[in-house]
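Here the structure comes first, spelled out in structure tokens, and everything after it is commentary.
Indexing begins at 1, ligand by ligand and atom by atom, following the structure's order. As the structure is a computational prediction, the values presented were derived from the model and not from experiment.
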Amino acid sequence: MNIGMVCYPTYGGSGVVATELGLGLAKKDHQIHFITYRKPPRLSAFNTNVYFHEVSTMEYPLFEYTPYETALASKIVDAVLYEKIDLLHVHYAIPHAAVAYMAKQILKTKGINLPIITTLHGTDITLTGTDASFKPVVEFSINNSDGVTAVSHQLREETYSNFNISKDIEVIHNFIDFDRFRKTDKDHFKKAVAPNHEKILVHTSNFRKVKRVDDVIHIFERVHKAIPSKLMLIGDGPERKPLEDLCRELNICDDVRFLGKQDAIEELLAIADVFLLPSANESFGLAALEAMACEVPVISSNAGGIPEINIDGNTGYMCEVGDIDTMAEKTIQLLQDEHLLSQFRKNALAQAKRFHIDVILPHYEQFYQKILNENK
Ligand code: GMT
């Protein structure tokens, strides 16, 4: 198939899922056309069957807000006309689903029917999508996509309860590429981060409020008092500065490393003992799944779709959102029991394998085929 892929070129979340999906499909001989405003980070190397169409916007003094949607729709139309794209898959509803609808209407006037699939990722439904400034457009564009998928059962249900949806929503979980995410020997690296064999806790996110990274720091402070340990914080975002201040206030700066955005997250996960994800909401929690694939148990909240991947008392522990005392207690319990920790590591890997790219990718291929058949 010749597939157009529209996404945000981000380091995590929906951008990563779209990129990994495109790369996986390209390996299976599909032609993948990424249409984004910047090259997605995981698309750096040359790949046969992968093409990149950069959306550029025109500067003009009248445009206080650059009309990105118009530029994206024009780029989609151009790519479909000249690359003979069979189907367009957009990730994150805002604004991609509405833009796809616009491109579809333009192409219709040229005698082309472009099937559109929208994948809902989380905040497009739970946070931004329900804001009055977006809601009618999100609802309309979901209902007017030819196919809709959600990354968890919980997100599917939340979409039905937040909007008036007439479409079937197919659940296709996020997935892991085990060629990349697996435990490797990074002992030299471990010695550099934890020279005195301290335990290593890790958290990855975009440092937005919804991630509750301040809870991560409070949990670490409690763990640190009981067990010699280090905390690696990977990623960047609006909350970083107050979080740095919090570390100073708690006097734990020597044992907390803010590592910023990292390309090779798997190398950091390879040396970690526990992954912390106390989010207020999380439609899936891909970052936790990546940790589990690297044999790192997860201490998380029980928000959103997290219970679809983390198994309480097996691959880690799940607690109520904001219950930092229990999260710290469970972390200490796990880190103090080598036998339990090693069992949880194995369980985490086994659970992650259920989301192996080879298992999930065929679901997307079947879904694409179904939508193409319905649109013949
Ligand atoms: O986590 C974020 O805030 C980014 C966001 C996105 O769309 O890029 O992530 C969402 O999509 C990910 C991939 O499907 C999910 O793993 C995350 O759970 C989800 N984030 C939230 O629901 C907060």
Side-chain angles (χ1 to χ4, degrees), residues 5-22 24 36-38 40-42 89-97 117-131 134 138 142 148-159 161-162 169-177 181 203-213 215-216 233-240 261 265 275-293 298 300-310 318 321 351-352 355 357 360-361 363-364:
M5 201 70 83
V6 174
C7 64
Y8 284 104
T10 48
Y11 269 83
S14 56
V16 161
V17 174
T19 312
E20 297 288 352
L21 174 62
T36 60
Y37 58 79
R38 200 184 311 123
R42 293 193 187 183
H89 187 175
V90 304
H91 293 260
Y92 204 91
I94 306 169
H96 301 146
I117 292 175
T118 298
T119 290
L120 309 172
H121 278 275
T123 47
D124 45 354
I125 295 303
T126 57
L127 201 77
T128 52
T130 47
D131 189 89
F134 295 130
V138 171
I142 291 174
V148 183
T149 76
V151 298
S152 65
H153 293 284
Q154 185 277 336
L155 184 61
R156 177 180 188 268
E157 293 322 307
E158 203 156 347
T159 308
S161 74
N162 288 353
I169 301 176
E170 178 103 355
V171 174
I172 305 183
H173 281 126
N174 288 332
F175 53 85
I176 281 287
D177 181 352
F181 286 95
H203 168 82
T204 321
S205 77
N206 50 24
F207 288 44
R208 298 205 189 116
K209 278 220 177 321
V210 69
K211 302 292 176 181
R212 297 184 68 104
V213 190
D215 283 5
V216 171
L233 291 168
I234 306 167
D236 210 345
E239 293 301 302
R240 178 166 173 166
K261 289 177 183 165
I265 292 176
F275 186 88
L276 299 174
L277 189 71
S279 305
N281 206 348
E282 201 70 64
S283 68
F284 183 86
L286 182 62
L289 187 62
E290 290 177 342
M292 286 160 71
V298 173
S300 70
S301 71
N302 56 6
I306 296 177
E308 290 173 48
I309 56 168
N310 194 15
M318 272 191 303
V321 174
Q351 168 71 346
F355 300 87
I357 189 168
I360 305 291
L361 227 67
H363 291 290
Y364 274 112

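- For His96 and Tyr8, the distance between ring centers is under 6.0 angstrom.
- Sorted by chain and number, the heavy-atom contacts of ligand 1 below 4.0 Å come from Gly13, Ser14, Val17, Tyr92, His121, Gly122, Thr123, Val151, Asn174, Asn206, Arg208, Lys211, Asn281, Glu282, Ser283, Phe284, Gly285, Leu286.
- Using a 4.0 Å cut-off between a side-chain N of Lys or Arg and a carboxylate O of Asp or Glu, Glu170 and Arg156 do not qualify as a salt bridge.
- With 3.5 Å as the limit, one finds no donor-acceptor pair spanning the side chains of Thr10 and Tyr92.
- For the salt bridge (Lys or Arg N to Asp or Glu O under 4.0 Å) condition, the pairs that include at least one residue of residues 9-22, sequence neighbours left out, are Glu20-Arg42, Glu20-Arg180.
- Under the side chain to side chain donor-acceptor pair (under 3.5 Å) criterion, Asn206 pairs with no residue at all, not counting sequence neighbours.
- The side chain to side chain donor-acceptor pair (under 3.5 Å) search around Thr130 returns none, not counting sequence neighbours.
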